[in-house]
Amino acid sequence: MHDPRMVREQADALRDGMRRRGKLDALGPLIDRAEALDRDRRTAIQAVEERKAARNAASQQVARLKKAGESADDVVASTRVLGEEIARLEQELGAAQNELDAILLELPNLPLPEVPEGDESHNTVVRSWGEPRAAESVKPHWEVGESLRLIDLAAGAKISGSGFIVYRGMGARLQRALMNFMLDLHTGEHGYDERWVPLFVNRDAMVGTGQLPKFEEDMYALRDDALFAIPTAEVPLTNVMHDELIDGAQLPIALTAWSACFRREAGAAGKDTRGLLRVHQFDKVELVRFTAPEDSAAQLELLTGHAERVLQLLGLPYRVLLLAAGDTGFSSAKTYDLEVFAPGVGKWLEVSSCSNFGEFQARRANIRYRPAKGEKPRFVHTLNGSALAFPRVVAAILEHYQQPDGTVLVPDVLRPLLGTDVLR
RNA sequence: GGACAGGUGGCCGAGUGGUUGAAGGCACCGGUCUCGAAAACCGGCGUACCGGCAACGGUAUCGUGAGUUCGAAUCUCACCCUGUCCGCCA
């Protein structure tokens, strides 16, 4: 969410941000409406508060009169009228305020200046690591995965539906291995504090990180409780600080957690859906950082490096993309995607998305810090990144490390955890 | 799920209808004292919004939301959360 004052003082900056995202046509009218609502709202506030001040004064007069043993009937009668006016004006004010709040929750974050304008065709590769393997004669991961009995797509479809995976044998153990490898790396070498979080969260948490209200149809919701299945551990991990006032000396705060992630992928049917490429439930290790505003730019580079380190240790070739404004997520001000090369499907697969949210989430979730004793609280900046999402990493391993005989070499760092050098 | 007891400022904690934004304490900031520090003493110290160049004024805020009332931290209702006991259960 933006500072509500932006509507009044920097509406053009808002419009420019929407334009750079390619959303001005859709969102420009909302900004116009917000400007009008802000004016209405302030007029109503003044009218209401004027009457409330009068009522408060009258009430005190009643108190004095009664204490003195005199009649207060005249004052009481006149104040009753004020009360009715206040009720009416407050209703008007509430309506304007609610509509304005709803608009503010629907406006995406402003991209940082260095973010390229335009849609995803303007994403830029900022660096790459490793040599992509030639695609010829490498089988796609779903073929190897099935033939080595690592994944069972049919079983997943039978018990839940397409897009739900059953891992079996070493495939199942690989999930545990990835979880331990990534969490140990981030807690042991990168200084993250580990959490184990709820997989279902309330509406407040989902609004806090920006999934709601705009993307409700993408979320799984429970029928009988006001809870949503998390699409990423970003939600619980960021919201552990919801409504907190952090001592500035504690920043930056770095948290990590494994979680299952649930995505309805409504409207994505048929697009990259084979095998492990796009599924409704998957596992992921997430990194979240809370920082002072002046540090967030550097912290994004640091966090992205932590995610890259996972791929480097796994020996998987990847590239880093700076997303263009139009491809940058709703809450994010700047995002790097990490894409790993999967020679079997011949594609770069997104395995991580590392973002700086500025104060956008902190404002929604009310996460503040006190820079120093005696100073006023400010909103923190939040950042997060996957490090990493499992299914596409598995896909890349099954393809990149595939041998001519159909077996798959295990990356060195996973061998102790899997208890084998080769998947056969 | 049931029965009780609670949710007050950064923290602890008083306060059951009328100058209560809210006693007191801790923490914090400034000062006196001191060579310096501690202690002691004096003073200050929430947040948000509206108006104002500012000084400042106003409004709101005692879990959340409704309600009663001229007036609510205080009364009523609903909901959320916490604690204790009981029940159930992996």
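The structure displayed is predicted, hence computed values, not measured ones. Note on naming: letters A, B, ... go to the chains in the order of the sequence lines (proteins, then strands), and numbering restarts at 1 for each one.
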[atom1] atoms of [N] and [M], separation to the nearest Å:
N      : M      : atom1 : value
B:rC75 : B:rC29 : C1'   : 40 Å
B:rU64 : B:rG10 : P     : 13 Å
B:rG18 : B:rG57 : P     : 26 Å
B:rA66 : B:rG17 : P     : 25 Å
B:rU8  : B:rG13 : P     : 8 Å
B:rG25 : B:rC80 : P     : 39 Å
B:rC26 : B:rU19 : P     : 27 Å
B:rG24 : B:rC45 : P     : 13 Å

### Task
Test ring pair (Phe, Tyr, Trp, His ring centres under 6.0 Å) on A:H280 and A:F262 and set out the steps.
CA-CA 6 Å; A:H280 290 304; A:F262 304 91; over 10 Å; no
Spacing between [X] atom [atom1] and [N] atom [atom2], to the nearest angstrom:
X      : N      : atom1 : atom2 : value
A:Y369 : B:rG10 : OH    : P     : 18 Å
A:D243 : B:rU61 : CG    : P     : 18 Å
A:L82  : B:rU69 : CG    : P     : 16 Å
A:R41  : B:rG51 : CZ    : P     : 8 Å
A:Q91  : B:rA66 : CD    : P     : 11 Å
A:R64  : B:rC70 : CZ    : P     : 19 Å
A:E244 : B:rU47 : CD    : P     : 17 Å
A:D204 : B:rG63 : CG    : P     : 17 Å

Please work out if [X] contacts a base, only the sugar-phosphate, or nothing of the nucleic acid, heavy-atom cut-off 4.0 Å.
X      : result
A:R8   : sugar-phosphate
A:V62  : base
A:S59  : base
A:K376 : sugar-phosphate

Provide the Watson-Crick or G-U wobble partner of [N], both distances under 3.5 Å; none if there is no partner.
N      : answer
B:rU19 : none
B:rG87 : none
B:rA60 : B:rU47
B:rC11 : B:rG25
B:rG65 : B:rC77
B:rU82 : B:rA5
B:rU34 : none

### Task
Assess the side chains of A:Y318 and A:Q312: does a donor N or O sit below 3.5 Å from an acceptor N or O?
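There is such a pair (donor and acceptor under 3.5 Å, judged by atom type) between the side chains of A:Y318 and A:Q312.
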### Query
If you measure only the distance, is there a donor-acceptor pair under 3.5 Å linking the side chains of A:E216 and A:Q211?
no
### Task
Evaluate the ring pair (Phe, Tyr, Trp, His ring centres under 6.0 Å) criterion for residues A:F330 and A:F215: first the C-alpha distance (whole Å), next the side-chain angles of each, then the deciding distance (0.1 Å), finally the verdict.
CA-CA 10 Å; A:F330 177 82; A:F215 305 105; 5.5 Å; yes
Given [N], is OP1 or OP2 found less than 4.0 Å from the side-chain N or O atoms of [X]?
X      : N      : value
A:R80  : B:rC70 : yes
A:N56  : B:rG58 : no
A:R370 : B:rG10 : no

### Query
Of the candidate nucleotides B:rC50, B:rC70, B:rU59, which contains the atom at the shortest distance from the side chain of A:V76?
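Nearest to the side chain of A:V76 among the choices is B:rC70.
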### Message
So if I take every side-chain heavy atom of A:A53 and compare against B:rG71, B:rU59, B:rG18, which nucleotide ends up nearest?
### Response
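So the side chain of A:A53 is nearest to B:rU59.
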#### Entry: CG on A:L245 to OH on A:Y369, rounded to 0.5 Å
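Reported to 0.5 Å precision, the distance equals 11.0 Å.
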### Task
Name the residue closer to the 5' end of RNA chain B, choosing between A:A57 and A:G83 according to the nucleotide with the nearest heavy atom.
A:A57
### Query
When the nearest nucleotide of RNA chain B is assigned to A:E50 and to A:I45 on a heavy-atom basis, which residue is associated with the more 5' position?
A:I45
### Task
Check whether the side chain of A:E49 and the base of B:rG58 form a donor-acceptor pair under 3.5 Å.
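Between B:rG58 and A:E49, which were checked side chain against base, a qualifying N/O pair under 3.5 Å is present.
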### Message
So, under a plain 3.5 Å distance rule, would you say the side chain of A:K52 forms a donor-acceptor pair with the base of B:rG58?
### Response
no
Would you find more than 12 non-hydrogen atoms of other residues, nucleotides or ligands less than 6.0 Å from [X] atom [atom1]?
X      : atom1 : result
A:R415 : CZ    : yes
A:R149 : CZ    : no
A:E301 : CD    : yes

